[in-house]
Amino acid sequence: MLVMLCTRCQQREAVLQGLAPEARAKAEVKLDAFTKAAGAKTRVLIEQDLRETALRVLDFADRLVGKM
């Protein structure tokens, strides 16, 4: 049976391979917490970038309309 894993899953398996079940469970909890925190931080940064870009586009449109 062939099982395909995504890159993230492959990395997780490489890190957790060979650990005792208890240690593996603890490590998975820490990895999940880290992944959620990193995702939340990235989401905030993306939202800020989108807002700034939208404001720049609106400013450009205002200047463009003002010249016509």
Side-chain angles (χ1 to χ4, degrees):
M1 180 175 172
L2 177 64
V3 177
M4 302 283 294
L5 298 176
C6 68
T7 304
R8 183 182 304 153
C9 296
Q10 288 175 358
Q11 290 172 347
R12 177 174 278 191
E13 287 300 316
V15 169
L16 299 178
Q17 186 178 15
L19 290 178
E22 298 85 18
R24 183 182 177 113
K26 287 180 184 178
E28 284 182 354
V29 170
K30 288 181 182 180
L31 285 172
D32 287 340
F34 173 76
T35 302
K36 287 179 184 177
K41 184 176 180 179
T42 302
R43 190 175 312 113
V44 168
L45 292 173
I46 289 171
E47 288 174 2
Q48 288 175 350
D49 286 345
L50 285 173
R51 285 187 189 116
E52 290 174 7
T53 302
L55 289 174
R56 277 190 243 135
V57 168
L58 291 173
D59 287 344
F60 174 75
D62 286 343
R63 286 193 311 265
L64 186 64
V65 170
K67 291 181 180 180
M68 291 184 166

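Basis for what follows: all heavy atoms, side chains included, without hydrogens, waters or symmetry-related copies.
Take A25 and apply the side chain to side chain contact (heavy atoms under 4.5 Å, CB included) test, not counting sequence neighbours, and it matches no residue.
Going from atom CG of L31 over to atom NZ of K26 covers 14.5 Å, rounded to the nearest 0.5 Å.
Screening residues 42-68 for side-chain hydrogen bond (donor to acceptor under 3.5 Å, both in side chains), with sequence neighbours left out, gives no hits.
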